[in-house]
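The structure appears right after this line, and notes come after that.
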Amino acid sequence: MLSYLIKRLIALVPVLLGLTVIVFAIMALIPGDPATAILGSFATPENVEKLNRDLGLDKPQVQQYLIWLGNLLQGDLGRSYSLNRPVLDEVLERFSATLILAGAALLLCTIWGLLIGIWTAARQYGWTDKILTFVVLIGISVPSFWLGLLLILLFAVELRWLPASGMFAIYGGGDLPDLLRHLILPALTLSVVATGVIARLTRSAMLEVLRQDFIRTARAKGVSETRVLYGHAFKAALVSIIPVIGVQAGFVLGGAVYIETVFQWPGVGRMLVQAISTRDILLVQGGVIVVAASYVLFNLLADLSQSWLDPRVKA
Amino acid sequence: MTPALAVRGLGKTFGGGRSLLGRPKPAVHAVRDVSFAVAPGETLGIVGESGCGKSTLARMLVGLLAPSEGSIEIEGKDLSDQTGDPVAFGRLIQYVFQDPISSLNPRKTVRQILEAPLIHLLGLDAAARKARIAELFEAVNLRKEFLERYPHEFSGGQAQRIGIARALAASPRILVLDEPVSALDVSVQAQVLNLLAELREAFDLTYLFISHDLAVVEAVSDRVAVLYFGRVVEMGQAEKIFTAPRHPYTGLLARSAPLIGRPLLRTEAAAAELPDPLNPPPGCAFAARCGRAQDDCRGGPPPLTQLSTDHETACLHPLN
Amino acid sequence: MVTLKLILRNRLAAFGGIVLLAVCCVALLAPLLPLADPDITDPVNRLKRPFSDGALLGTDHLGRDLLSRLIWGTRLSLAVGIAAALIAAFIGSAIGIVAGFYGGRIDDLTMRGIDMLMAFPYILLALAIVAVLGPGLLNALYAVAVVNIPFFARNIRGVTVSIAHREFVDAARLSGMGRLRIIWSEILPNVLPVIVIAMSTTIGWMILETAGLSFLGLGSQPPQADLGSMLGEGRKLLINAPHASIVPGVMIFVIVMSVNLLGDGVRDALDPRLRAGALSRPAAATRVERPSPPAAGKTDALLQVVDLQTEFQVGPRTYKAVGGVDFEVAPGECLGLIGESGSGKSVTALSLLGLVASPPGVIAGGAVRLDGEDTLSMNGEALRRVRGGRVAYVFQDPLATLHPLYRVGDQMVEAIRSHRPLSRQEAWNHSVALLEKVRIPNAAARAKAYPHELSGGMRQRVGIALALVNDPDLVIADEPTTALDVTVQAQVLALLDELRRERNMALIFITHDFGVVAQLCDRVAVMYAGRIVETGPTEEVLAAPRHPYTRRLIACVPELGGGRRALSAIPGLPPPVDALPAGCAFAPRCDKAQNACRQGEVVLQSCGMRAVRCLFPEGATP
């Protein structure tokens, strides 16, 4: 197990490097001149040239990348010109908010997805299966940003049970219950689609496994039906479910962009949207790198738990 | 007389080479140093259990796989620089697959399947193709209306006839038959085997018949080569090789075949396991399972030696 | 055509299709419909409620007609979503097919690149692309397409790899086809259904994603509006004019929902496994639907099977896999059940303890009495106790029949503890002892191995040990050596024989190999087309078969030591079990068949220890 872990960690290095190359390449492709953007359109050519030199933009791309990577490794992501503060500080602050939201959503969708999936598979073609399957289909078809608006209308505007936006109340908030109250609606909204995907997959994976020969063996040796379902079938189905949960983590992290915008959650997604419209390239760069890297780490966790479950993976 | 097929020192290694960091990657020698010649009109049987390399050997012979070493000569023509190119081989040697259904594209009609070699190997025009397909269908005893049907509409035996017709389409000189009847039921097996015998007469073909079923191989072959762990361990006349085997492995095979009127075999005590292909033993691969093994067996691979005019074995202490 | 029918048979999919068709028609006809100009502002009439005069769905904050904007926006959103799906499917599939077909370095490099793209959370990558290209609907389209390329590339590559290794691709190479031609004529037609499935299941996503980017203000730019940007504008007026955001949202939802419904239908219709109903869950025991169990006969047999009938009901067809089978097994006896594929021998074996997958299997008649008690009438718990307790199974392919994620020792422990109140440690020790008994070297260590870590022969030994854990009275072995090499088969057979004699255990051995039956079984029953055609002591049946089928089948078996020779065959094929002929099922292939054979029921005639289902048995005077 330990050697497998080390192998996986080493394999992570090229992925992370590749990630930085892609991010750097994307940003290098952006048309227009950062110096002009910073100095405004009335800058003299001399000033622009000087700033370009100061920013290292007159050097070849590869060299620029290496310098940028070197800074990145030292935690220097540059300075956001629109916010006038170090990118890393801003990103980390925002990212912790996103992590709370995405983590809560991921927890919700995993639990509900698995429960619904197992339930419907165990009662295939029963009326609960039919209803839940339809509800799940609604779940994956509904635009999450619209669902968020509807929930705000219902629970915040009409019923006034929950706050409509933000992470903490402006006056007198800041404690955990306050955070949870603010978290309920956005986390729920964010989890709906992923719940649907996981539920559908769990159902079909369970049904697939239940047709396998080893399930017949389990029955032939007199194992109780409950154990056949939960011990044998679910364990085998998990092997194909875990990678999907990993992928869903990506959808949840990405989907946070919408939800943070709808609920004005001070996370990294909303920051990215704003940074794109103000063309704050360094801020976009920093946000993308941090979120992508965290996603890579999460997928490593998914891989590790899968290999822990399935002895064939390590072979 | 020029042999129909002559193979010298043929070998295939999978994997190997070095990784980016210069560490050697594991290599599996699927086939090593195989040499034999087949006379025109002869049927050479090739016998072995799973993992002995018989399919790898077959795929090299028809050009589907490039050998790592050795040469292949067909009717005196050296094809060594065209190995791994089925087009060069296709007009001389063809292949009949084990699984008749999976060797036919499910989305093509039988006519389309049979036309492919006529177009791409022989370059026939439409009229000539039509005539040739009618001829082929006649030869394998299938009715003409089957031509417009799709593979899934056929039974295993019928599908195997189509596979044989496809192999014969380009008028090759040699057919490699890779377990052609293992997927079929006993009552249908003989239909296909007898058809193959008729075709050999009619078209003057040379066969390489690969199988794990000793009785079938014995019934159809002139000579038999026994493969173990990638090497030929014994080669001789079909009627003698199983009744009077010289290599202990051939002996074990012959004794293991379930036979009416013979009690169950209870001799081999050690586990019947093949050596680890990634870490093969230096000497005879069978030594670990062999009751006659001595120290010299473990030194190096025993060479294939001539015992009589028509019998070779790779054993230092052969049975008598 | 068939596919279309299948989709329409699925009512939900048909509903989705119709809704989608209607939406598309309205969107296509937008220029012809009497609609207000969607971009003309009219501040006086701003934020009119739905159903007000001149604006069926109301107006937005600039007084633009919402109905008109909705229809034009739908047109735009659909076009962008479908275009993105087509681009992603085309490029992704092309990459997948090339990588999967060529393999090697090309595959490695492309897939590394694809993995790298997949290391980004989905929408984030789209955002980054829009950041480069700048906001705009066309750029959003590109971004969504690019982000979906890896999904197609991965899926299609996987399918291509499995197809590229199929034998018909080798056959095409041997037919002289070049690589490009093989991709075009052999690979693509077989991959196409998968591409269509992938597209139908992702197109809804792409419509959602483009709408999402527009919602964030990164897609379509004012005044032009797609559904997403309408929603984005509506959001700002959420409290004063909720209709401005509800209306476009409902439309997105309706489109995506109908696309998904239709997509599920397409998938169900195109996926051959789903088409065969393969994804229905088999019940814990086979469904029994019989008139009433036949009366119990007096017998000392351990197992008595009377007129057992098992059917498979697939669509309109009924396959009578087992059409009335009778046999008995005495304690300690070994009965061989022999037949060719499709003769019903395995289904018979599985029916004994209700292990035939159901649906589609149904036991339609007969009784299976174990010491006089009918297993087919047992309730779940009673049946569970018999399974693996008094009666145990050994299956054909132990790699597929052992659970891949449990250690073999644990699988044995579970079997023990399902029947006996032993502690885990006691059960483990017992398991290890049994593994030693089946001569697994170093059993204590091998008990901790997973099935895939063992060789085929070792796995089948585990399979046998697993059957023995509760000291059964009867073991049913379903072709346990068919997947093994001859040398290994010989060992496993010898082991089985030794164990059954030592423990005085009855054995039902299912096989297609006369040699194996001859060596192992006391009695043999020959099956053809779902029925027993002959039974008797093995030596007698083999020496003097009485049914023409038995005689000719034995003649077909090549025996070692016969030298080079022509082999005999039986012309024709067994009849399909969903269309059995009247009279004797073998009559169409039988050289002795007469008119009487083709009508009426031919019964199994007993004569001492032997029985034969033939009007003109061999050796009898005609």
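Residue numbering restarts at 1 for every chain, and letters A, B, ... go by the order of the sequence lines. In what follows, every heavy atom counts, from backbone to side chain, and hydrogens, waters and symmetry copies are set aside.
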Just say parallel, tilted or perpendicular for the rings of A:Y258 and C:F215, cut-offs at 30° and 60°.
perpendicular

C:F120 vs A:V23 side-chain heavy atoms within contact, under 4.5 Å:
yes

Under-4.0 Å salt bridge between A:E225 and C:R384
no

Counting heavy-atom pairs under 4.5 angstrom with chain A, the leader among C:G388, C:S418, C:P398, C:G249 is C:G249

Less than 4.5 Å to any heavy atom of chain C: does that hold for the side chain of A:R270, its backbone, both, or neither?
neither

Would you find a donor on one side and an acceptor on the other, under 3.5 Å apart, between the side chain of C:T401 and the backbone of A:T217?
no

Under 6.0 Å from the ring centre and within 45 degrees of the ring axis: does the NZ or CZ of A:K235 meet both conditions for the six-membered ring of C:Y406?
yes

Evaluate the side-chain proximity of A:R219 to C:L355: yes if any heavy-atom separation is below 4.5 Å, no if none is.
yes

C:L405 CG to A:L238 CG distance, which is reported to the nearest 0.5 Å
9.0 Å

Chain A: which of C:A128, C:A392, C:P248, C:G212 shares the most heavy-atom pairs with it under 4.5 Å?
C:G212

Can you find a pair of side-chain heavy atoms, one from C:Q411 and one from A:K221, that are under 4.5 Å apart?
yes

Among A:V223, A:V273, A:V15, A:L16, which residue forms the greatest number of heavy-atom pairs with chain C at distances under 4.5 Å?
A:V223

Which heavy atom of C:M116 sits nearest to which heavy atom of A:I22, and what is that distance?
CG-CD1, 3.7 Å

Roughly how far, to the nearest 0.5 Å, is CZ of A:F134 from CE of C:M257?
3.5 Å

With chain A as the partner, which of C:A415, C:G389, C:P282 has the greatest number of non-hydrogen pairs under 4.5 Å?
C:P282

Given that the side chain runs from C-beta out, which part of A:A122 has a heavy atom under 4.5 Å from chain C: side chain, backbone, both or neither?
backbone

Looking only at heavy atoms, the pair that brings A:A292 and C:L124 closest together is N-CD2, 4.1 Å

Sub-3.5 Å donor-acceptor pair from the side chain of C:H403 to the main-chain atoms of A:H232, do we have one?
yes

Among the listed options C:I255, C:V254, C:L466, C:D264, the residue most often paired with chain A at heavy-atom distances under 4.5 Å
C:D264

On a heavy-atom basis, which atom in C:L208 and which in A:I140 lie closest, and how many Å separate them?
CD1-O, 4.1 Å

Rounding to 0.5 Å, atoms CD1 (C:I246) and CG (A:L153) come to a distance of 5.5 Å

From A:F145 atom CZ to C:S245 atom OG, the distance as rounded to the nearest 0.5 Å:
12.0 Å

Which one of A:G231, A:A156, A:A249 has the most heavy-atom pairs closer than 4.5 Å to chain C?
A:G231

Whatever's closer than 4.5 Å to a heavy atom in chain A on C:I476 counts as neither

Is a side-chain donor or acceptor of C:R387 paired with a backbone partner of A:A218 at a separation under 3.5 angstrom?
no

Does any part of the side chain of A:S141, heavy atoms only, come nearer than 4.5 Å to the side chain of C:F253, both counted from C-beta?
yes

Just checking heavy atoms, which of residues 228-238 of chain C are less than 4.5 Å from chain A?
C:L231, C:R235, C:L238

Heavy-atom side-chain proximity of A:T261 to C:L216 below 4.5 angstrom
yes

Heavy-atom pair count under 4.5 Å with chain A, highest-scoring of C:L125, C:I129, C:L213, C:V250
C:V250

For the candidates A:V262, A:N299, A:L150, A:V284, which exhibits the highest count of non-hydrogen atom pairs separated by less than 4.5 Å from chain C?
A:V262

Could you measure the distance from the CD atom of C:E414 to the OG atom of A:S224? Nearest 0.5 Å is fine.
8.0 Å

Would you say C:R420 has more than 12 foreign heavy atoms packed within less than 6.0 Å of its CZ?
yes

Honestly, the part of C:L353 sitting under 4.5 Å from a heavy atom of chain A is neither

Heavy-atom cut-off 4.5 Å, strictly under: side chain, backbone, both or neither for A:V193 against chain C?
side chain

Taking the basic N atoms (NZ, or NE/NH1/NH2) and the acidic carboxylate oxygens, is any pair closer than 4.0 Å for C:D478 and A:R216?
no

Segment of C:P135 engaging chain A (4.5 angstrom heavy-atom cut-off)
neither

Is there a side-chain contact between C:R281 and A:L229 in this structure, where contact means two heavy atoms from C-beta onward sitting under 4.5 Å apart?
yes

Minimal non-hydrogen separation, C:P121 against A:G254, with atom names:
CB-N, 4.2 Å

Under 4.5 Å to a heavy atom of chain A? For C:E209 that would be both

Residue part contacting chain A, namely of C:A283, when any heavy atom lies under 4.5 Å:
backbone

Taking C:V130, C:D115, C:V259, C:L350 one by one, which has the highest count of heavy-atom pairs under 4.5 Å against chain A?
C:L350

Which distance, rounded to the nearest 0.5 Å, do you find between the CG of A:L272 and the CD1 of C:I123?
11.5 Å

Taking C-beta and beyond as the side chain, do A:D213 and C:F395 meet within less than 4.5 Å on heavy atoms?
no

Top contributor to chain C contacts, counting heavy-atom pairs under 4.5 Å, from A:G18, A:G250, A:A220, A:A121
A:A220

Which of A:V157, A:V288, A:V296 touches chain C most, by non-hydrogen pairs under 4.5 Å
A:V288

Under 4.5 Å between any side-chain heavy atoms of C:V256 and A:P143, yes or no?
no

